[in-house]
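Take a look at the structure below.
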Amino acid sequence: MGIIKLLDDLTTNQIAAGEVVERPSSVVKELCENSLDANSTNVYTEIKNGGITSISVTDNGCGMDSEDIKKAFLRHSTSKINNVSDFETLTSMGFRGEALASIAAVSRINIKSRRPGEENGYFLKLEAGKIADEGCIGCSTGTKIEVENLFFNTPARYKFLKKDYTEASYISDIIERFVMARPDVSFYLTNNSKEVIHSPGNNDLKSAVFSVYGKKITDELLEVSYKNENIKIYGFAGTPTIARNNRNHQSVFVNNRYVKSPVVVKAVEDAYKTLLMKGKFPFCVIKIEISPSLVDVNVHPRKIQVKFGDESSIYRNVYHALKNAVDKHVNKKSVEYSDYDKIPENEQASKKIEQRPADEYDRTQYREEKALEKEYIEPEQTRFKTDDSNAKGNDYEERDNSNTITEEISTDPEIISEDMKYLGSLFNTYLLFEKDEKLIIIDQHAAHERILFEKLLKISSNDKIVSQSLISPEIAELTTNEMLLFKDKRDIFEKLGFECEEFADKSVIIRAIPLGDDSINPDRAFKAALDSLADKNSDDSEIIRETLYSIACKAAVKAHDKLQPPEIKSLLEEMAKTSRSSYCPHGRPCTKIIEKKEIEKWFKRIIS
Ligand code: ADP
Ligand code: MG
């Protein structure tokens with residue numbers, strides 16, 4: 001006699017529950033999705049002991065009549081699709097018709113529901129999927145489902161549940177995502193009768209984000225808004241300041257469904273390239289609206305993944321949407337230097353050196369230009385190009401060195417700029433300026449680091465690295481390991497614009513370095529490159545970028561370096577010309593602005 005048999009309903013539903021109902025938060029997700037599909041505007045979730053003891057979801061949606069309420073618990077019963085062709089136009093959260101059947105198979109359920117316009121509601125009690133009681137009941141319109149003793153009949157599953165507070169945190173995560181997916185719906189969550197989340201449901205995404213993350217994060221949001229004939233992308237990206245060490249603060253929604261999408265995340269993160277340190281991840285709430293026919297939502301039992309028809313187009317669109325938002329913010333100049341007209345013609349010529357595209361360079365031409373530039377910088381040894389021919393600048397050089405910068409400047413603040421009044425340096429690290437009723441604080445190291453990094457990046461784009469030949473070659477002494485690393489990664493050094501070769505057992509002769517500016521010390525730059533090459537996990541382009549970071553970092557003026565007025569002036573000029581100058585390459589802010597109003601509040605001159 002054959003041994004193959006058909007499994008009974010309870011067993012098949014319990015098997016399905018293995019996929020759909022992983023833990024209490026999956027129950028919450030399915031029940032809330034049903035409430036949304038029922039057009040509810042209020043969804044109220046109560047959990048006890050992290051949802052393990054009980055979960056109840058109450059909504060004010062379309063409800064079910066006595067016939068539908070029973071059908072709802074049968075496997076593959078749904079009101080949302082008739083056949084697979086409906087996927088082309090699907091807008092509901094659910095469509096598989098298996099959530100209620102699966103949840104019922106592993107718990108005890110009480111449900112009551114009333115359709116608007118009907119006199120009575122109807123209730124059911126189910127135990128392991130079997131109806132234990134049913135009948136008419138008085139209740140408000142909408143549906144209330146209580147799920148008790150989850151996994152009471154599947155001990156293996158129960159065993160895998162985590163501590164109450166961990167399960168509760170998974171649930172609040174799920175509700176928070178709903179809050180942002182549907183700002184037009186008010187969500188309410190209590191755990192052991194304590195309110196955890198309450199969203200306004202006022203159809204404003206920023207309010208929704210506020211109710212999830214609070215004021216600090218909401219103050220650091222950049223608006224994303226992008227549209228073409230196939231796609232709409234909107235939401236918020238975080239400033240680099242609120243980047244995190246993990247991706248928990250990244251939420252992607254496709255047609256209001258929260259999804260995990262590696263391609264979208266990659267596009268978002270790429271838009272922040274050079275703004276965040278390795279291991280830092282940007283904050284984002286990204287909403288994508290796309291025709292349902294261009295995305296497959298039926299690729300995962302819990303519907304948390306989707307498959308886009310054209311992934312590369314999604315990548316491009318998201319990247320542009322985010323890049324626009326991020327660039328607009330980081331290129332917003334906190335420092336405007338408007339003194340260009342006063343700079344003598346010859347110096348203006350030297351400024352063009354920086355502006356010319358990298359591929360127009362040849363070395364001889366570069367050396368000539370650099371020599372020309374030097375004429376106007378000497379004799380003062382400065383770390384930045386300066387406008388020394390300015391009479392006031394020359395005045396400074398003749399003065400006694402013991403004078404502090406503050407004294408110098410305070411007698412004639414115009415020396416720095418027409419509209420940025422230099423006040424002095426704090427801890428020899430932060431430069432203080434007054435401008436338009438604002439106090440502007442610049443972190444000298446961070447600002448210079450960004451300036452150098454952008455220069456290096458510009459010349460290394462499109463693999464067209466430009467070198468800067470050294471007048472006299474330098475010898476770098478290496479350890480045995482560093483020497484091995486150098487031999488192994490020699491091609492990357494070439495790509496970076498270094499011209500160097502083994503000189504002795506443990507030394508390398510450096511003849512040229514990446515073209516940046518005079519502040520780059522060849523030996524330090526070479527060592528910085530070696531240090532970042534020691535990280536073997538990165539790919540070539542990542543290594544090059546990391547190396548440029550290190551070179552910029554090592555060459556930049558340090559905190560505690562005392563800057564001279566021409567250097568400060570030049571720093572401002574360079575900042576005004578540099579893109580992304582409000583953040584250093586590691587994502588730390590270079591500038592902090594304090595409004596006069598805020599200072600007046602400190603001293604209680606005004607009350608907010
Ligand atoms: P699906 O959501 O995939 O259709 P479910 O098992 O989650 O499958 O639900 C089955 C059906 O029960 C739904 O299609 C819907 O018609 C009905 N239903 C479930 N929950 C609700 C609710 N909160 N309000 C109104 N109808 C509901
Ligand atoms: Mg459903």
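No hydrogens, no waters, no symmetry mates; every other heavy atom, side chains included, goes into these values. Each ligand, and each atom within it, is numbered from 1 in the order the structure gives.
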For [Y], is there an ion pair with [X] - N to carboxylate O distance below 4.0 angstrom?
{"X": "K216", "Y": "E220", "result": "no"}
{"X": "E30", "Y": "K303", "result": "yes"}
{"X": "K206", "Y": "D204", "result": "no"}
{"X": "R96", "Y": "E98", "result": "yes"}

Any atoms of ligand 1 less than 4.0 Å from a non-hydrogen atom of [X]? List them with their elements.
{"X": "T143", "value": "22 (C), 23 (N), 24 (N)"}
{"X": "A99", "value": "6 (O), 7 (O)"}
{"X": "A38", "value": "24 (N), 25 (C)"}
{"X": "G94", "value": "2 (O), 3 (O)"}

Provide, to 0.1 Å, the distance between [atom] and the closest protein heavy atom, together with that atom's residue and name.
{"atom": "atom 2 (O) of ligand 1", "answer": "K80 NZ, 2.7 Å"}
{"atom": "atom 23 (N) of ligand 1", "answer": "D59 OD2, 3.0 Å"}
{"atom": "atom 27 (C) of ligand 1", "answer": "M64 CE, 3.5 Å"}
{"atom": "atom 20 (N) of ligand 1", "answer": "N34 CB, 3.2 Å"}
{"atom": "atom 16 (O) of ligand 1", "answer": "S79 OG, 2.5 Å"}
{"atom": "atom 12 (O) of ligand 1", "answer": "A72 CB, 3.4 Å"}

Are there more than 12 heavy atoms of other residues, nucleotides or ligands under 6.0 Å from atom NZ of K273? yes
Side chain or backbone, does [X] bring an N or O within less than 3.5 Å of an N or O on ligand 1?
{"X": "T78", "value": "yes"}
{"X": "C62", "value": "no"}
{"X": "F95", "value": "yes"}

Any N, O or S atom of N34 closer than 2.8 Å to the Mg ion (ligand 2):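 Under 2.8 Å: N34 contacts the Mg ion (ligand 2) through an N, O or S atom.
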Using a 4.0 Å heavy-atom cut-off, say whether [X] meets ligand 1 through its side chain, its backbone, both or neither.
{"X": "S77", "result": "backbone"}
{"X": "R96", "result": "backbone"}
{"X": "D37", "result": "neither"}
{"X": "L100", "result": "both"}

Parallel, tilted or perpendicular: which one describes the rings of Y188 and H198, with boundaries at 30° and 60°?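 The rings of Y188 and H198 stand perpendicular, inter-plane angle above 60°.
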Quick one: does G97 get a heavy atom under 4.0 Å from ligand 1?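 It does; at least one heavy atom falls under 4.0 Å.
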Decide whether the shortest distance between a heavy atom of E30 and an atom of ligand 1 is less than 4.0 Å. no
Side chains of [X] and [Y], donor plus acceptor under 3.5 Å:
{"X": "Y170", "Y": "K162", "value": "yes"}
{"X": "K215", "Y": "Y213", "value": "no"}
{"X": "T274", "Y": "R580", "value": "yes"}

Test: side-chain hydrogen bond (donor to acceptor under 3.5 Å, both in side chains). Region: residues 34-43. Which pairs qualify, not counting sequence neighbours?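 Of all non-adjacent pairs touching residues 34-43, those that pass side-chain hydrogen bond (donor to acceptor under 3.5 Å, both in side chains) are N34-K80, S35-D59, D37-K80, T41-N60.
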Identify every side-chain donor-acceptor pair in residues 140-155 under 3.5 Å, counting partners at least two apart or on other chains, and give the distances.
| from | atom 1 | to | atom 2 | distance (Å) |
| --- | --- | --- | --- | --- |
| T143 | OG1 | S113 | OG | 2.8 |
| N149 | OD1 | R108 | NH1 | 3.2 |
| N153 | ND2 | A105 | O | 3.0 |

Could you give the distance from CD1 (I109) to CD1 (I131), rounded to the nearest 0.5 Å?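 CD1 of I131 is found 11.0 Å from CD1 of I109.
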